[in-house]
Amino acid sequence: MIKHIIHDQVAQVLTSLGLSQQREFIVEVPNNPDNGEFSTNAAMVLAKENKTSPKKLAEALLKELKKNKYYKSVEIAGPGFINFRLSTSLFQHMLWDVYKLGLDFGNSDFGQQEKVLLEFVSANPTGPLNIVSARAAAYGDTLYRVMKKVGFDPAREFYINDAGNQVDILAESLELRLRELHGENIGEFPYEAYHGEYVKHLAHKLNAAEGVRVFMMPEKERNERLKEFALSELLEMQRLSLERFDVTFEGWVSERTLRGEGVVEEVLSYLTEADCTYEKEDAVWFASTKFGDDKDRVLMKSDGSITYFVPDLAYHLTKIQRGFTKLIDVFGPDHHGYVPRLKAAFRALNYDEDMLEIVFLQQVNLYESGEKVKMSKRAGKIVTMDDLINVVGKDAARYFFIARKANAHLNFDLELALQKNNDNPVYYCQYAHARICSIIRKAKKDRIYPRAFKQELCLKLTKPDELALIRKLTELPGLLETIAEYREPHRLATYTEELCGLYHRFYNKYQVVSLKSRELSKARLLLSEAVKNALAICLDLMGISAPEKM
RNA sequence: GCGCCAGUAGCUCAGUCGGAUAGAGCAGCAGCCUUCUAAGCUGCGGGUCGGGGGUUCGAAUCCCUUCUGGCGUGCCA
């Protein structure tokens, strides 16, 4: 907010002086407060193209900038930085602006209603959702919320991989468990089959509903029935887990349905028309190496069946057909080898490959008693998303996942999160919100809380800690835009902690509600309200509750 | 072998896309509740930003190289 204002003013001055500004300069907050509250490198960056020295350029700018009443001081320092100190009245004005906006604070049209499709989780419907899916859910959903707030037109979608090999294996696993249930000796449970307990539960449920009728069906029909049943049950299970995590999707797209609609054949024909397929060893290949992949990929196997890639590509093309101009896929760590062929296909079909953007979430390591927990879906040893929510709660789980940048490994210490009085930073933030609510309750009880706040109250706020809080507040709108642009929701967690830290400090230093000075109390209440709103916004964007009491 | 990601304080991680003296939380030590929530605050100690080279006014950030760890490299999905 403030950065923008300063940036615009510097740009205006440059224009009015008839100076070139080809290269981009920035306004930033210096590490060292001695260097002012804000600083710009404009003179250094633009000196060369204006055929002058940084110092001279800075001096020219300085003369004009000093005329602005919002700057307490403007100075030249070091190799040509221009450092700004802002007047207290600017902060006071900004606070009022922030306060008036309430929960709309931070809203903008930055995204210009661009239609963005966020695809995430998209887990195989062959078992409960795991921890990585939980991370994807937290990441994707928060990004969605932030993008929506800053004026994009985003949609969340879950692609259901319900048509591949793994579904057949699932059906077989279920059949074995069902036979077992009927006392049949099934021998050793196959290695590739799904070993999880949930398959047994499914068998029980199916048995209760249909008994031996399933076994009387012809094999093909039985197989369909088993698939049908397992898929719908597991999908529902996944949907419920996500719902508990406060994550919903605008769309659920089934691979089977897609195949049924004939889009697979369509895509194959497109690729053939683009002259980038060939037959070899009874299989149909995509010559993806022509388009940047490191090896060619099979589209149709020698047995006539189709690989996963084709319907997935078809799915991506439907996104474009539906009018989305940005496709963001959130992938797990084991899929990065898959990207070159997707991009290659876009290139082959003359789509702009930049429309497709892949975010990789690195793996999540669970630690218990200081040891890494090994997880394997096939072997049935998995810690599920539900387990995690049960243990640490939705708020803490979401926070942990969001607080780390996507492409870094995440170590999740279960024991630490297990401790109820833990050092979990999510409590730090929620506590700040609850604390403000408590103060407001107190003020209302003491009849200090005004019916309506007046702008003049802002003039009472002059302490450095108060101004620091206001400045932090003003950073939020720009931050949200940055988060949306760079797809980095983790910054929201960092920001929230910083804002809370400032408020906790302010709280410890100054009494907000004091009968001795009612006007100052009201002013601090106004500030507290603004902080509370900002916190509520941040927590809501992260999908974390903002408690009024703790 | 090749490709992708990571390497910052004892631990977990930030670092506003090239800025000035690299930050936070936890852990450790020492303090702060007869006043609005102590799930909080204050102070102290702690660093070869994995190593080496380069680019420039200026590098944790960009380039090259090298080491370490994770993942990928299926006619699996």
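In what follows, every chain begins at residue 1, and chains take the letters A, B, ... in the order their sequences are listed.
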Give none if [N] has no partner; otherwise give the nucleotide forming a Watson-Crick or G-U wobble pair with it, both distances under 3.5 Å.
{"N": "B:rG45", "answer": "none"}
{"N": "B:rG72", "answer": "B:rC2"}
{"N": "B:rA60", "answer": "none"}

Students often get this wrong, so: under 4.0 angstrom with heavy atoms, is [X] touching a base, only sugar-phosphate, or nothing?
{"X": "A:D296", "value": "nothing"}
{"X": "A:K509", "value": "nothing"}
{"X": "A:V29", "value": "base"}
{"X": "A:K405", "value": "sugar-phosphate"}
{"X": "A:K301", "value": "base"}
{"X": "A:T494", "value": "sugar-phosphate"}
{"X": "A:L410", "value": "sugar-phosphate"}
{"X": "A:M44", "value": "base"}
{"X": "A:F309", "value": "nothing"}
{"X": "A:Y428", "value": "sugar-phosphate"}

Query - Near-ring test A:Y428/A:Y431, centroid separation under 6.0 angstrom - result: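 Here the rings of A:Y428 and A:Y431 have centres that are no less than 6.0 Å from each other.
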**Report entry** A:F81-B:rA20 aromatic stacking (under 5.5 Å, under 30°)
**Finding:**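 According to the criterion (under 5.5 Å, under 30°), yes, A:F81 stacks.
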Query raised in the report: Of all the choices, B:rG19, B:rA20, B:rG40, which nucleotide is nearest to the side chain of A:N508 once you look at every atom?
Result: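 Ranking B:rG19, B:rA20, B:rG40 by closest atom to the A:N508 side chain puts B:rG40 first.
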Requested in this report: For the side chain of A:P30, starting at C-beta, report the closest nucleotide among B:rA20, B:rC71, B:rU35.
Outcome: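 Per side-chain heavy atoms of A:P30, the pick is B:rA20.
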Report task. Scan A:V310, A:T277, A:I306 and name whichever one has a side chain to side chain contact (heavy atoms under 4.5 Å, CB included) with A:M300. Result ->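 Exactly one pass, corresponding to A:I306.
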Requested in this report: May I ask you to evaluate whether A:R435 reaches the phosphate of B:rA39, defined as a side-chain N or O under 4.0 Å from OP1 or OP2?
Outcome: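 Answer no for this pair, as no side-chain N or O of A:R435 is under 4.0 Å from OP1 or OP2.
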Query raised in the report: Does A:H490 put a side-chain nitrogen or oxygen below 4.0 Å from OP1 or OP2 of B:rG15?
Result: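 So the side chain of A:H490 is within the cut-off, an N or O lying under 4.0 Å from OP1 or OP2 of B:rG15.
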Query raised in the report: What is the distance from CG of A:D312 to P of B:rA77, rounded to the nearest Å?
Result: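 About 11 Å, once rounded to whole Å.
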Query raised in the report: Could A:R471 and A:F38 be counted as a cation-pi pair, given that NZ or CZ must be under 6.0 Å from the ring centre and within 45° of the axis?
Result: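 Positive - A:R471 is close enough to the ring of A:F38 and near enough to its axis.
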Query raised in the report: Distance under 6.0 Å and angle within 45° of the ring axis: does A:R404 meet both against A:F400?
Result: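 Because its charged atom sits under 6.0 Å from the ring centre and within 45° of the axis, A:R404 does stack over A:F400.
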